[in-house]
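One structure below.
Atoms within a ligand are numbered from 1 in the order they appear, just like the ligands themselves.
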Amino acid sequence: MILTERAIEILNRNDRGGFTIPTEGLYPYQWNWDSAFVALGIATYDPDRAWAEITSLLAGQWPDGMIPSIIFRSNDPDYFPGPSRWGSTPGPIPSTGISQPPVLATIVRKLTGGAQGRARRAEVFDAILAWHRWFHAARTVAGIATTVHPWETGRDNCPEWNIGLDGMAAAPDLEPYTRMDNKHVDPKFRPSQTQYDKYLTIVQFGASVGWDQRRLTDEGPFLMADPNIHFVLLRADKDLRAMAVALGLPQATLDEIDGWIAKGEAATDTLWNEEIGAFTARDMRSGRFSRGFSNCSALCFYAGTGTVEQRARTLAHIKRIAARVDHMLPSWDPDAPDFEAQRYWCGPLWPQMNYMTAQGLAEQGEAGMAARVQDDLCRVIEKSGFWECFNPLTGEGCVGNRFSWTAAIWLSWQHEKKLKGAA
Ligand code: GLC
């Protein structure tokens, strides 16, 4: 109970009037997938405010359908790279020029299930459809939705991106800059300087082509396929279809979404790394795979895709890792040489990833492992508090504290437990 009150207090404290920041200091704006998860948590005590979280995110949508990763409603000198570094973007509110994993459709479907939800579903359906259309048009290469920037995948410095980053050079004319992330938290938890130069090189390229998204995909310095974006989008396409059916939308809309789902199912094999026996990221220019099992490899269950054999091999990895760490599910394979228990996406477990992984495993008949993934996150929150991510070996909190999505996922699970108990 105390933790539940504390979680609500965190969400209230991070409320900036209709939208919620991830955490004070480090992340002072509205982030895309953060807001979707945050809505899940707020919906447990204030459904109208939860809905505002979603509509405020959609307010930043670009004319081409893209919903940016960050919406800059102000210019906070404490954050870098802020609006001036991204340059002039075509959306109604200054923003970044890249997107983030599209979890929104799945969360909107969940939040608008009852008869009263129908009007809300109808209100946002077209905007979400346009966003998915954007992924399938502006980001698709060789049949799979790709990514142009590690930040777009939502897992900034995961070793998955090393092959793509190694294949590009930092711009020789990179405008000088001062990092702010390292002022808020210990640099040992954060991406390295070389990585940061490359991240900004991609931003500089995007701005140089006026954020023409097709050019950014085709000509940009970095192009990889990401299991996170792929599986989240495939799952979200399925949820979008279910909402279209419930809303009685025309056959042409269903046909369009069916086309995306068929394309997504076929693209799943693009990410199958036979050598590792799992779905991993892939550099689209060289065809090379990344070299480790990440928490996104496990999302094939959430997307309801992959063959029986692919899922069995994925599950074998999950079980191996479960025997290796106290707290599931680390963001990078603890047996890989570049695993670092405290460095952001190189090892720590992430609340939103545990949420999706547990849901997928439960839906696909793996109740035992689903419970482990869920319980482990609850245990680290009980032990350490509402951190951004956690050391999977010790359960210690890492990077940002009083973190919104951690509080939101806690609330969502507590609420579900209560409902189950009452049933
Ligand atoms: C970091 C995370 C990203 C998240 C953002 C705000 O950049 O990698 O997934 O959306 O912080 O919480």
Side-chain angles (χ1 to χ4, degrees), residues 10-11 13-16 19-41 53 57 60 67-73 76 78-82 85-86 95-104 107 147 149-161 165 179-182 184-185 187 189-192 195-196 198-200 202-203 226-229 231-232 281 294-296 299 330-332 340 342-357 386-390 397-409:
I10 288 171
L11 289 170
R13 181 187 171 128
N14 290 341
D15 187 342
R16 291 295 177 273
F19 73 94
T20 306
I21 60 166
T23 183
E24 261 170 35
L26 187 61
Y27 300 130
Y29 301 108
Q30 182 173 26
W31 261 258
N32 183 326
W33 70 332
D34 293 67
S35 271
F37 288 109
V38 158
L40 268 182
E53 192 70 32
L57 175 62
I67 304 181
S69 61
I70 312 174
I71 300 175
F72 301 121
R73 288 192 173 78
D76 190 326
D78 236 16
Y79 181 84
F80 180 84
R85 190 74 180 201
W86 290 88
S95 71
T96 60
I98 53 172
S99 198
Q100 257 192 333
V103 290
L104 192 63
I107 287 173
T147 185
H149 198 304
W151 290 343
E152 189 167 68
T153 71
R155 40 196 198 120
D156 311 16
N157 65 332
C158 184
E160 293 254 59
W161 315 128
L165 293 172
R179 281 174 74 164
M180 298 305 289
D181 59 320
N182 281 343
H184 294 288
V185 295
F189 296 153
R190 297 288 304 173
S192 72
Q195 281 168 341
Y196 232 80
K198 292 190 180 178
Y199 299 154
L200 289 167
I202 307 172
V203 173
D226 166 29
N228 198 22
I229 287 183
F231 289 136
V232 167
S294 74
N295 47 0
C296 298
L299 289 181
S331 44
W332 194 239
E340 290 180 77
Q342 308 244 107
R343 194 185 285 275
Y344 224 40
W345 286 93
C346 302
L349 72 96
W350 286 75
Q352 84 286 17
M353 302 309 303
N354 274 37
Y355 175 86
M356 292 189 288
T357 307
F386 293 97
W387 287 84
E388 178 173 7
C389 52
F390 300 85
C398 306
V399 199
N401 195 358
R402 292 185 285 276
F403 215 83
S404 294
W405 65 21
T406 315
I409 286 163

Distance filter under 4.0 Å to [X] heavy atoms, resulting ligand 1 atoms:
| X | answer |
| --- | --- |
| Tyr27 | 1 (C), 6 (C), 7 (O), 11 (O), 12 (O) |
| Trp31 | 5 (C), 6 (C), 10 (O) |
| Phe403 | 12 (O) |
| Pro22 | 6 (C), 12 (O) |

For this session: Mark the output for Trp345 as yes if a heavy-atom distance to ligand 1 is under 4.0 Å, and as no if none is.
Result: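 Trp345 counts as a contact of ligand 1 under the 4.0 Å cut-off.
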Exercise. Would you say Gln352 touches ligand 1, if touching means a heavy atom closer than 4.0 Å?
Worked result: no
For this session: Report the part of Trp151 (side chain from C-beta onward, or backbone N, CA, C, O) that has a heavy atom under 4.0 Å from ligand 1; answer both or neither where that applies.
Result: neither
For this session: Taking the side chain as every heavy atom from C-beta outward, state whether Ser99 and Ile229 have any pair of such atoms under 4.5 Å apart.
Result: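 No - every pair of side-chain heavy atoms lies 4.5 Å or more apart.
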Problem set entry | Aromatic contact, Tyr79 with Trp31 (centres under 6.0 Å) |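 Aromatic pair counts; centres sit under 6.0 Å.
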Exercise. Would the Tyr344 and Trp350 ring centres measure less than 6.0 Å apart?
Worked result: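 Yes - the distance between ring centres of Tyr344 and Trp350 falls below the 6.0 Å cut-off.
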Exercise. So Trp33 and Trp405, would you call those rings parallel, tilted or perpendicular, with 30° and 60° as cut-offs?
Worked result: perpendicular
Problem set entry | Trp151 and Trp86 aromatic ring geometry - parallel, tilted or perpendicular at 30°/60° bounds |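 Judged by the thresholds at 30° and 60°, the geometry between Trp86 and Trp151 is tilted.
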Problem set entry | Heavy-atom pair with the smallest gap, counting every atom of Trp332 and Trp345 | CB-O, 4.1 Å
Is there a polar contact, in the sense of an N or O pair closer than 3.5 Å, between [X] and ligand 1?
| X | value |
| --- | --- |
| Gly154 | yes |
| Arg155 | no |
| Trp33 | yes |

Exercise. Heavy-atom distance to atom 4 (C) of ligand 1: which of Asp181, Thr153, Thr406, Asp34 wins?
Worked result: Asp34
Exercise. Can you find a side-chain donor-acceptor pair between Arg73 and Tyr29 that sits under 3.5 Å?
Worked result: no
